[in-house]
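Comments concern the structure below.
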Amino acid sequence: MDAIDDATLERMLDLAAVAVGDDARERLRKDLGRVLESMEAIAEAPIDDLPPTYGVGEESRTRPDAPVAGLDREAALSAAPKSADDHFVLPSAMGRSKK
Amino acid sequence: MTLEEHIAAIVGGAKVRERAEAALASVGDDDLDAYLELDRERILADADALDARLARGEELPLAGAPIAIKDNLCQRGTRTTCGSRLLEEWVAPYDATVVERLREAGALLFGKTNLDEFAMGSSTENSAFGPTKNPKDPSRVPGGSSGGSAAAVGAGHCAASLGSDTGGSVRQPAAYCGVHALKPTYGRVSRFGLVAFASSLDQVAPFGATVDDVARIYDVIAGPDPRDATSAERAVESGVNALGGGVEGLRVGVVRPCLEQADAPVAAALADAAKRLESAGVQLKDIALEHLDLALSAYYLIAPAEAASNLARFDGARYGLRVEGDDLAETYRATRSRFGPEVIRRIVLGTYALSEGYADEAYVRASRARTALIRAFTSAFDSVDLLLLPTAPTVAFPLGERTGDPLAMYAADVFTVPASLAGLPASSSPVGDDGGLPIGAQLVGRPFEETTLLRAMEVLS
């Protein structure tokens, strides 16, 4: 696997919705490069014909399709970083709210 | 005091409150920093309530024993921080299933223990609230990520504790702190209320000072749970009842390449452990498990990929910390940038592993390697009943030694991630020491054969 270049790292940070300072960014790029280089064994292993395994549990089951009580509104809102009028309050998705 | 001794004391007339006060006193002013929360008032009030339940004649298998809980398990009304600034003030509104089962069995929920942030680490140094120290040598790490839970039992603060094991996070700290731990088969114990790190790997697991203690906690927490769709609909054979069954006739495969890769004192202790098993009637056989060399790489692509997905929920909107930005996207970014460096490293690595253009050669290929490893285990279990290998290649390393080198830190998991990827039950038991620092032996069993592991652990102890 190739080392991560600056543009790729920038895109990954954007997708992951995290920001880091310049020093931390360079350290992160180097660390990720080393980690990916250490994974060459995977790239070279004769495993092309094997199916991927995404889970190891027994066959997943579903509950009956019936309504069950979840957290009540008060309990859910008690953990909210900000709430008002029985609702979660979020920043504007389109830029800072005028209000 | 072990769990078994605690129960005997209660049966002999001791009060849970007395035992709770003794346990709190044992924590005292030590500098191990095993706990993120130890609420004396709440613990003593709960102890009084347990004394009242016992006085009413309730049958409580855990008899008010103090049990510490890793701080990524939800305990109603208590902060559950996951060792992260993002959840520093978050109070769980419900109990994890395992916590609920401990309460019903009469456990005294003792304290919330320190961990690497979101269980990502092998030394507990990634906790946002500072590292825990090893009770055998406070200049060294206790292992991780469940280092607080292992240290709490190793120091004798509590009768037992719960941790979580994704790639070795109970087995490796158990080895470093000289205690026993059992990671059950994936699906054997409910994950409901365990803050998710890597959902296809995470398992809740007990620590104890003795095998009997581990078996007692296992019996309480194991079993199906309708709130976790991955929990197995299987009856649970009692671990306690299996003890004393011996190992006569069992076939144990010694994973020779791992012994050769380990430090000399670790390899020597494992060789002695193998001899103990042989003396007890086990047939030993050398095994060279195929594809072991792929395990660490596969794990460090799969687990970060799942973590990147699971940790997307920490966005400052629904719970936990919010750092306000100019708009929603900037709020997400500002909030999530408060993750620690290791969590950010894994989120970014996982995002890479799942991204278009890279997923086939990273996540999908790692998942093919996982298949190869599972098949290698299946093949090995055609000829043996258990596998024996070191829990970790070294004894506990000094605090700070590996914090600047992620590859060196990840290497501490090299012998524990294979069983995690295959979802197999695996244990760690102390089998020797190097200059006073404990050495752990790992046993790996077939799916849902935890009782076979417990019988062999008993011989090793």
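Here is the naming used below: chain letters follow the sequence lines, and residue numbers restart at 1 for every chain. The structure presented is a predicted model; accordingly, all values stated were derived computationally and were not measured.
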| query | Where do B:S297 and A:I42 come nearest, in terms of heavy atoms and distance? | reply | CB-CG1, 3.4 Å

| For A:I47, is it the side chain, the backbone, both or neither that has a heavy atom under 4.5 Å from a heavy atom of chain B? | both

| Region of B:F448 in contact with chain A, defined by heavy-atom distances below 4.5 Å | side chain

| query | Can you say whether B:A317 sits under 4.5 Å from chain A via the side chain, the backbone, both, or neither, judging by heavy atoms? | reply | both

| Pairs involving residues 52-73 of chain A, ordered by first then second residue, that meet ring pair (Phe, Tyr, Trp, His ring centres under 6.0 Å) (sequence neighbours left out) | A:Y54-B:Y363

| task | Determine the minimum heavy-atom distance between B:L87 and B:C82, stating which atoms define it. | result | CD1-SG, 4.0 Å

| task | Select one option (side chain, backbone, both, neither) describing which atoms of B:A372 are under 4.5 Å from chain A's heavy atoms. | result | both

| Side chain, backbone, both or neither: which part of B:T371 has a heavy atom under 4.5 Å from chain A? | both

| said: Looking at B:V189, is its backbone amide N or carbonyl O close enough to the side chain of B:S231 to form a donor-acceptor pair, meaning the two atoms are under 3.5 Å apart? | reply: no

| For B:V364, is it the side chain, the backbone, both or neither that has a heavy atom under 4.5 Å from a heavy atom of chain A? | both

| field | Atom group of B:R234 that falls short of 4.5 Å from chain A, counting heavy atoms | value | side chain

| task | Side chain from CB out, backbone as N, CA, C, O: work out which of these in A:L77 comes under 4.5 Å of a heavy atom of chain B, or both, or neither. | result | neither

| query | What pairs with B:Y300 under ring-ring contact (aromatic ring centres under 6.0 Å, His included), at least two apart in sequence or on another chain? | reply | B:Y410

| query | Which one of A:A17, A:S78, A:G57 has the most heavy-atom pairs closer than 4.5 Å to chain B? | reply | A:A17

| With only heavy atoms counted, which part of B:S355 is less than 4.5 Å from chain A, the side chain, the backbone, both or neither? | side chain

| said: Which atoms of B:R188 are under 4.5 Å from chain A, going by heavy atoms: the side chain, the backbone, both sets, or neither? | reply: neither

| said: Between B:A334 and chain A, with a heavy-atom cut-off of 4.5 Å, which part of the residue counts as in contact: side chain, backbone, both or neither? | reply: neither

| task | Mind ranking A:D49, A:V68, A:D31 by heavy-atom pairs under 4.5 Å with chain B and telling me who comes out on top? | result | A:D31

| field | Proximal component of A:A24, with respect to chain B [non-hydrogen, under 4.5 Å] | value | neither

| Using 4.0 Å as the upper bound for N to carboxylate O, is an ion pair formed by A:D48 and B:R368? | no

| request: Give a yes-or-no answer on whether the side chains of B:E306 and B:S200 include a donor-acceptor pair shorter than 3.5 Å. | output: yes

| Under-4.0 Å salt bridge between B:R333 and A:D14 | yes

| message | Between the side chains of B:R338 and B:E88, is the shortest nitrogen-to-carboxylate-oxygen separation below 4.0 Å, so that they form an ion pair? | response | no

| task | Heavy-atom distances under 4.5 Å only: say whether B:L421 touches chain A with side chain, backbone, both or neither. | result | backbone

| query | Where does A:L32 contact chain B at under 4.5 Å (heavy atoms): side chain, backbone, both or neither? | reply | side chain

| query | Counting heavy atoms not belonging to B:R79, are there more than 12 under 6.0 Å from its CZ? | reply | yes

| said: Can a side-chain donor-acceptor contact be found between B:Q75 and B:T80 if the only test is distance below 3.5 angstrom? | reply: no

| message | Please classify the contact of B:D360 with chain A as side chain, backbone, both or neither, using a heavy-atom distance under 4.5 Å. | response | neither

